[in-house]
Amino acid sequence: MKRLLLVVFIATLGMPFTAAQAEYLIKFSHVVAPGTPKGKAADLFAKLVNERMKGKVKVEVFPNSQLYNDDKVLEAMRLNTSRTTGIMAAPSLSKFVKFSDTLQAFDLPYLFDDMNDVHKLVDSPLMDKMTDGLGKKGLRALTVWDNGMKVFSIKGDHPLRKVPDDFTGKKFRIQSSNVAEAMIKALGGTPQKLPFKEVYTALAQGVVDGQENAWSNIYSKKFYEVQSYISVSNHSYLGYLVVVSQDFWQHLPKDIRAQLTEILKEATTANRQYAAEADKEDRKKIEEDHYAKVVELTPQERAAWKQACQPVWTQFRGEIGGELLDEITGLLKK
Ligand code: SIN
(Lines give C-alpha, C1' and ligand atoms only; values in the text may rest on other atoms or scores of the structure.)
Protein backbone atom coordinates (compact mmCIF):
# COMPACT_ATOMS: atom_id res chain seq x y z
CA MET A 1 0.00 0.00 0.00
CA LYS A 2 2.79 2.39 1.01
CA ARG A 3 4.62 1.61 -2.23
CA LEU A 4 1.41 2.21 -4.22
CA LEU A 5 0.99 5.63 -2.59
CA LEU A 6 4.61 6.45 -3.39
CA VAL A 7 4.10 5.45 -7.04
CA VAL A 8 0.93 7.61 -7.27
CA PHE A 9 2.73 10.52 -5.64
CA ILE A 10 5.69 10.19 -7.98
CA ALA A 11 3.40 9.93 -11.01
CA THR A 12 1.94 13.33 -10.07
CA LEU A 13 5.47 14.74 -10.11
CA GLY A 14 5.49 14.19 -13.83
CA MET A 15 2.32 16.19 -14.44
CA PRO A 16 2.84 19.28 -16.56
CA PHE A 17 3.44 22.46 -14.64
CA THR A 18 2.78 25.92 -15.99
CA ALA A 19 4.93 26.81 -18.95
CA ALA A 20 5.43 30.24 -17.39
CA GLN A 21 7.75 28.56 -14.89
CA ALA A 22 10.38 26.62 -16.85
CA GLU A 23 10.87 23.72 -19.23
CA TYR A 24 12.36 21.57 -16.47
CA LEU A 25 11.60 21.43 -12.78
CA ILE A 26 14.00 19.97 -10.21
CA LYS A 27 12.65 19.19 -6.75
CA PHE A 28 15.60 19.21 -4.34
CA SER A 29 14.67 17.19 -1.26
CA HIS A 30 16.70 17.09 1.94
CA VAL A 31 16.20 16.34 5.61
CA VAL A 32 18.14 19.00 7.47
CA ALA A 33 17.37 22.60 8.45
CA PRO A 34 17.83 25.34 5.81
CA GLY A 35 20.59 27.05 7.84
CA THR A 36 22.94 24.03 7.78
CA PRO A 37 25.81 23.53 5.28
CA LYS A 38 23.64 21.26 3.11
CA GLY A 39 20.57 23.48 3.43
CA LYS A 40 22.52 26.59 2.47
CA ALA A 41 24.22 24.88 -0.48
CA ALA A 42 20.87 23.59 -1.77
CA ASP A 43 19.38 27.09 -1.48
CA LEU A 44 22.37 28.63 -3.27
CA PHE A 45 22.12 26.04 -6.05
CA ALA A 46 18.41 26.86 -6.46
CA LYS A 47 19.03 30.61 -6.41
CA LEU A 48 21.76 30.46 -9.06
CA VAL A 49 19.80 28.11 -11.32
CA ASN A 50 16.62 30.17 -10.98
CA GLU A 51 18.51 33.38 -11.82
CA ARG A 52 20.73 32.12 -14.59
CA MET A 53 18.52 29.51 -16.23
CA LYS A 54 15.21 31.33 -15.99
CA GLY A 55 12.58 29.80 -18.26
CA LYS A 56 14.74 26.72 -18.82
CA VAL A 57 15.15 25.15 -15.37
CA LYS A 58 13.51 25.85 -12.04
CA VAL A 59 14.74 24.37 -8.75
CA GLU A 60 12.51 24.10 -5.68
CA VAL A 61 14.06 23.11 -2.37
CA PHE A 62 12.19 21.04 0.24
CA PRO A 63 14.11 20.99 3.57
CA ASN A 64 13.41 19.19 6.87
CA SER A 65 12.13 15.92 5.28
CA GLN A 66 9.09 17.86 3.96
CA LEU A 67 9.01 15.89 0.72
CA TYR A 68 10.82 12.63 1.55
CA ASN A 69 13.07 11.25 4.23
CA ASP A 70 16.49 10.12 3.01
CA ASP A 71 15.63 6.45 2.86
CA LYS A 72 12.56 7.13 0.70
CA VAL A 73 14.04 9.75 -1.60
CA LEU A 74 16.41 7.36 -3.38
CA GLU A 75 13.54 4.98 -4.08
CA ALA A 76 11.38 7.90 -5.30
CA MET A 77 14.16 9.05 -7.62
CA ARG A 78 14.49 5.60 -9.12
CA LEU A 79 10.73 5.25 -9.65
CA ASN A 80 10.27 8.70 -11.16
CA THR A 81 9.87 8.38 -14.92
CA SER A 82 9.22 12.04 -15.70
CA ARG A 83 11.71 13.62 -18.10
CA THR A 84 10.61 17.16 -17.23
CA THR A 85 10.41 16.97 -13.45
CA GLY A 86 13.41 15.49 -11.71
CA ILE A 87 14.15 14.78 -8.08
CA MET A 88 17.55 15.74 -6.71
CA ALA A 89 18.77 15.00 -3.19
CA ALA A 90 21.88 14.91 -1.09
CA PRO A 91 21.53 11.99 1.31
CA SER A 92 24.48 11.31 3.56
CA LEU A 93 26.98 8.84 2.11
CA SER A 94 25.93 6.39 4.82
CA LYS A 95 22.45 6.14 3.32
CA PHE A 96 23.62 4.56 0.05
CA VAL A 97 24.08 1.23 1.78
CA LYS A 98 21.46 -0.52 -0.41
CA PHE A 99 23.04 0.79 -3.60
CA SER A 100 26.79 0.73 -3.12
CA ASP A 101 29.27 -1.46 -1.26
CA THR A 102 32.23 0.77 -2.07
CA LEU A 103 30.74 3.94 -0.55
CA GLN A 104 30.71 2.17 2.80
CA ALA A 105 34.40 3.08 2.99
CA PHE A 106 33.36 6.61 3.99
CA ASP A 107 31.86 5.25 7.21
CA LEU A 108 34.95 3.38 8.34
CA PRO A 109 35.85 4.80 11.74
CA TYR A 110 39.10 6.81 11.78
CA LEU A 111 39.62 6.61 8.02
CA PHE A 112 40.01 10.39 7.97
CA ASP A 113 42.05 12.47 10.41
CA ASP A 114 40.35 15.67 9.37
CA MET A 115 38.52 17.45 6.54
CA ASN A 116 41.73 17.83 4.51
CA ASP A 117 41.87 14.05 4.33
CA VAL A 118 38.23 13.95 3.25
CA HIS A 119 38.86 16.41 0.42
CA LYS A 120 41.91 14.44 -0.75
CA LEU A 121 39.63 11.47 -1.39
CA VAL A 122 36.58 13.35 -2.65
CA ASP A 123 38.65 15.36 -5.15
CA SER A 124 40.54 12.30 -6.42
CA PRO A 125 39.68 10.01 -9.35
CA LEU A 126 38.90 7.33 -6.76
CA MET A 127 35.62 9.12 -6.14
CA ASP A 128 34.45 8.33 -9.69
CA LYS A 129 35.49 4.75 -9.19
CA MET A 130 33.42 4.60 -6.00
CA THR A 131 30.27 6.12 -7.54
CA ASP A 132 30.33 4.61 -11.05
CA GLY A 133 28.24 1.61 -10.01
CA LEU A 134 25.32 3.86 -9.01
CA GLY A 135 24.44 4.37 -12.69
CA LYS A 136 23.26 0.76 -12.89
CA LYS A 137 20.96 1.49 -9.95
CA GLY A 138 19.37 4.45 -11.72
CA LEU A 139 21.26 7.11 -9.81
CA ARG A 140 23.73 9.68 -11.07
CA ALA A 141 26.27 11.09 -8.57
CA LEU A 142 26.98 14.77 -9.19
CA THR A 143 29.15 16.05 -6.34
CA VAL A 144 29.93 15.64 -2.65
CA TRP A 145 28.91 18.20 -0.04
CA ASP A 146 30.37 18.42 3.46
CA ASN A 147 28.85 18.64 6.84
CA GLY A 148 31.81 17.77 9.05
CA MET A 149 33.43 15.25 11.35
CA LYS A 150 31.06 13.44 13.69
CA VAL A 151 31.08 13.59 17.47
CA PHE A 152 29.19 11.46 20.00
CA SER A 153 26.54 12.72 22.40
CA ILE A 154 25.03 10.90 25.37
CA LYS A 155 22.50 11.38 28.17
CA GLY A 156 23.75 10.25 31.56
CA ASP A 157 25.90 11.14 34.53
CA HIS A 158 29.25 10.96 32.76
CA PRO A 159 30.64 11.51 29.25
CA LEU A 160 31.72 8.82 26.81
CA ARG A 161 35.45 8.39 27.41
CA LYS A 162 36.30 4.77 28.18
CA VAL A 163 35.64 1.96 25.74
CA PRO A 164 33.81 -0.32 26.12
CA ASP A 165 32.66 0.66 29.66
CA ASP A 166 31.00 3.98 28.83
CA PHE A 167 29.15 2.47 25.85
CA THR A 168 27.99 -0.68 27.62
CA GLY A 169 24.24 -0.84 28.16
CA LYS A 170 23.68 2.31 26.09
CA LYS A 171 21.64 2.57 22.90
CA PHE A 172 22.85 4.80 20.08
CA ARG A 173 20.86 6.07 17.15
CA ILE A 174 22.68 5.56 13.88
CA GLN A 175 21.88 6.15 10.20
CA SER A 176 21.11 3.17 7.96
CA SER A 177 24.81 2.27 7.69
CA ASN A 178 25.93 -1.30 8.43
CA VAL A 179 29.44 -0.01 9.11
CA ALA A 180 28.11 2.36 11.79
CA GLU A 181 26.16 -0.53 13.25
CA ALA A 182 29.32 -2.62 13.52
CA MET A 183 31.23 0.36 14.92
CA ILE A 184 28.78 0.90 17.79
CA LYS A 185 28.97 -2.79 18.65
CA ALA A 186 32.77 -2.68 18.52
CA LEU A 187 32.74 0.27 20.93
CA GLY A 188 30.52 -1.70 23.32
CA GLY A 189 27.11 -0.09 22.69
CA THR A 190 23.82 -1.11 21.08
CA PRO A 191 23.02 0.48 17.70
CA GLN A 192 19.55 1.48 16.57
CA LYS A 193 18.89 2.64 13.01
CA LEU A 194 16.41 5.53 12.83
CA PRO A 195 15.51 8.18 10.25
CA PHE A 196 16.91 11.62 10.96
CA LYS A 197 13.52 13.20 11.63
CA GLU A 198 12.89 10.79 14.51
CA VAL A 199 16.16 11.45 16.33
CA TYR A 200 15.15 14.36 18.57
CA THR A 201 12.08 12.56 19.91
CA ALA A 202 13.99 9.30 20.36
CA LEU A 203 16.62 11.14 22.40
CA ALA A 204 14.07 13.19 24.37
CA GLN A 205 11.96 10.15 25.24
CA GLY A 206 14.92 7.93 26.09
CA VAL A 207 14.27 5.48 23.23
CA VAL A 208 18.00 5.87 22.64
CA ASP A 209 20.66 7.27 25.00
CA GLY A 210 22.95 8.85 22.48
CA GLN A 211 23.84 9.47 18.86
CA GLU A 212 26.68 10.49 16.56
CA ASN A 213 26.48 13.52 14.28
CA ALA A 214 28.14 16.68 13.01
CA TRP A 215 27.92 19.88 15.07
CA SER A 216 25.48 21.66 12.76
CA ASN A 217 22.90 18.87 13.01
CA ILE A 218 23.29 18.60 16.78
CA TYR A 219 22.75 22.34 17.03
CA SER A 220 20.04 22.97 14.44
CA LYS A 221 17.90 20.02 15.53
CA LYS A 222 18.47 20.79 19.23
CA PHE A 223 19.82 17.32 20.05
CA TYR A 224 22.20 18.94 22.53
CA GLU A 225 19.24 20.21 24.57
CA VAL A 226 18.28 16.62 25.44
CA GLN A 227 21.81 15.23 25.92
CA SER A 228 24.21 15.61 28.85
CA TYR A 229 27.64 15.32 27.22
CA ILE A 230 29.28 15.57 23.81
CA SER A 231 32.63 13.81 23.34
CA VAL A 232 34.73 15.36 20.58
CA SER A 233 35.55 12.05 18.94
CA ASN A 234 35.85 13.15 15.29
CA HIS A 235 35.64 9.44 14.51
CA SER A 236 34.10 9.65 11.04
CA TYR A 237 32.83 11.98 8.34
CA LEU A 238 29.30 13.20 7.68
CA GLY A 239 29.10 14.15 4.03
CA TYR A 240 26.53 14.02 1.26
CA LEU A 241 26.38 12.64 -2.22
CA VAL A 242 24.32 14.93 -4.41
CA VAL A 243 22.36 12.64 -6.72
CA VAL A 244 19.71 12.81 -9.40
CA SER A 245 17.83 10.19 -11.36
CA GLN A 246 20.14 8.85 -14.06
CA ASP A 247 17.31 8.74 -16.62
CA PHE A 248 16.23 12.36 -16.01
CA TRP A 249 19.84 13.59 -16.14
CA GLN A 250 20.74 11.70 -19.31
CA HIS A 251 17.71 13.09 -21.14
CA LEU A 252 18.42 16.72 -20.31
CA PRO A 253 19.84 18.69 -23.25
CA LYS A 254 23.65 18.74 -23.14
CA ASP A 255 23.93 22.51 -22.62
CA ILE A 256 21.53 22.39 -19.68
CA ARG A 257 23.48 19.55 -18.08
CA ALA A 258 26.70 21.51 -18.52
CA GLN A 259 25.25 24.66 -16.97
CA LEU A 260 23.79 22.75 -14.03
CA THR A 261 27.16 21.05 -13.50
CA GLU A 262 28.93 24.43 -13.44
CA ILE A 263 26.45 25.84 -10.91
CA LEU A 264 26.81 22.73 -8.75
CA LYS A 265 30.56 23.33 -8.70
CA GLU A 266 29.97 26.82 -7.32
CA ALA A 267 27.55 25.47 -4.74
CA THR A 268 30.14 22.85 -3.72
CA THR A 269 32.83 25.47 -3.18
CA ALA A 270 30.41 27.52 -1.07
CA ASN A 271 29.29 24.40 0.83
CA ARG A 272 32.86 23.71 2.02
CA GLN A 273 33.01 27.22 3.40
CA TYR A 274 29.59 26.91 5.07
CA ALA A 275 30.63 23.59 6.62
CA ALA A 276 33.92 24.93 7.99
CA GLU A 277 32.09 27.90 9.53
CA ALA A 278 29.26 25.79 11.00
CA ASP A 279 31.75 23.40 12.53
CA LYS A 280 33.27 26.19 14.62
CA GLU A 281 30.22 28.37 15.19
CA ASP A 282 27.65 25.69 16.04
CA ARG A 283 30.09 24.01 18.41
CA LYS A 284 30.65 27.38 20.10
CA LYS A 285 26.91 28.03 20.43
CA ILE A 286 26.45 24.62 22.06
CA GLU A 287 29.38 25.24 24.42
CA GLU A 288 27.99 28.62 25.41
CA ASP A 289 24.53 27.26 26.15
CA HIS A 290 23.73 25.48 29.42
CA TYR A 291 22.71 22.07 28.07
CA ALA A 292 25.26 19.42 27.01
CA LYS A 293 28.84 19.76 28.25
CA VAL A 294 31.50 19.35 25.57
CA VAL A 295 34.50 17.20 26.49
CA GLU A 296 37.73 16.58 24.57
CA LEU A 297 39.15 13.06 24.52
CA THR A 298 42.75 12.59 25.61
CA PRO A 299 45.14 11.18 22.96
CA GLN A 300 45.12 7.90 24.93
CA GLU A 301 41.33 7.73 24.92
CA ARG A 302 41.23 8.46 21.19
CA ALA A 303 43.80 5.73 20.57
CA ALA A 304 41.72 3.25 22.59
CA TRP A 305 38.55 4.06 20.57
CA LYS A 306 40.46 3.66 17.34
CA GLN A 307 41.91 0.36 18.46
CA ALA A 308 38.46 -0.92 19.48
CA CYS A 309 37.16 -0.11 15.98
CA GLN A 310 39.82 -2.13 14.13
CA PRO A 311 37.61 -5.24 13.73
CA VAL A 312 35.15 -3.13 11.72
CA TRP A 313 37.81 -2.63 9.05
CA THR A 314 38.45 -6.35 8.87
CA GLN A 315 34.73 -7.11 8.73
CA PHE A 316 34.04 -4.78 5.77
CA ARG A 317 37.27 -5.14 3.79
CA GLY A 318 35.76 -7.79 1.51
CA GLU A 319 32.53 -5.90 0.81
CA ILE A 320 34.22 -2.57 0.14
CA GLY A 321 37.06 -4.19 -1.81
CA GLY A 322 40.54 -4.71 -0.37
CA GLU A 323 42.30 -3.20 -3.37
CA LEU A 324 40.16 -0.05 -3.29
CA LEU A 325 40.69 0.30 0.44
CA ASP A 326 44.46 0.05 -0.03
CA GLU A 327 44.27 2.73 -2.72
CA ILE A 328 42.28 5.00 -0.39
CA THR A 329 44.58 4.57 2.58
CA GLY A 330 47.61 4.97 0.26
CA LEU A 331 46.19 8.26 -1.02
CA LEU A 332 45.48 9.55 2.49
CA LYS A 333 49.01 8.77 3.66
CA LYS A 334 50.55 11.01 0.98
C1 SIN B 1 21.82 14.65 7.31
O2 SIN B 1 22.72 15.38 7.74
O3 SIN B 1 21.36 14.72 6.18
C4 SIN B 1 21.22 13.64 8.23
C5 SIN B 1 22.24 12.89 8.97
C6 SIN B 1 21.62 11.86 9.89
O7 SIN B 1 20.71 11.12 9.48
O8 SIN B 1 22.09 11.77 11.03
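These figures come from a predicted structure and were not determined experimentally. Both counts, for ligands and for their atoms, begin at 1 and track the order of listing.
- Looking at T143, its side chain never comes within 3.5 Å of a backbone N or O of V242 through a donor-acceptor pair.
- At least one donor-acceptor pair closer than 3.5 Å links the side chain of R257 to the backbone N or O of L252.
- The closest approach between a heavy atom of K95 and any atom of ligand 1 is below 4.0 Å.
- Numbered from 1 in the order shown, with element, the atoms of ligand 1 that lie under 4.0 Å from a heavy atom of K38 read 1 (C), 3 (O).
- Per-residue contacts place V32 under 4.0 angstrom from the following atoms of ligand 1 (heavy atoms of the residue considered): 1 (C), 2 (O), 3 (O).
- For atom 8 (O) of ligand 1, the nearest protein heavy atom (residue, atom name, distance) is R173 NH1, 2.6 Å.
- Close approach of ligand 1 to Y240 (heavy-atom distance below 4.0 Å) involves ligand atoms 1 (C), 2 (O), 3 (O).
- Inspection of the S220 and T36 side chains reveals no N or O donor paired with an N or O acceptor under 3.5 Å.
- Neither the backbone nor the side chain of Q211 comes within contact range of ligand 1; no heavy atom lies under 4.0 Å.
- The backbone N or O of D71 sits less than 3.5 Å from a side-chain atom of N69, completing a donor-acceptor pair.
- A perpendicular orientation is assigned to the rings of Y224 and Y291, their planes being inclined by more than 60° (bins at 30° and 60°).
- With hydrogens and angles left out, the side-chain atoms of D107 and S177 include a donor and acceptor closer than 3.5 Å.
- Counting heavy atoms closer than 4.0 Å to ligand 1, residue V199 contributes nothing at all.
- Proximity of H30 to ligand 1 is not established, as no heavy-atom distance is less than 4.0 Å.
- Within the 4.5 Å cutoff, side-chain heavy atoms of F112 are placed close to those of L332.
- Contact annotation: for T36 versus ligand 1, there are no heavy atoms closer than 4.0 Å.
- Side chain to side chain, N147 and S216 meet the donor-acceptor criterion of an N or O pair below 3.5 Å.
- Of all atoms in ligand 1, listed by their number and element, those nearer than 4.0 Å to a heavy atom of V31 are 1 (C), 3 (O), 4 (C).
- With a 4.0 Å cut-off on non-hydrogen atoms, K193 does not touch ligand 1 at all.
- Shown in contact with N213 at under 4.0 Å from a heavy atom are these atoms of ligand 1, numbered in order with element: 8 (O).
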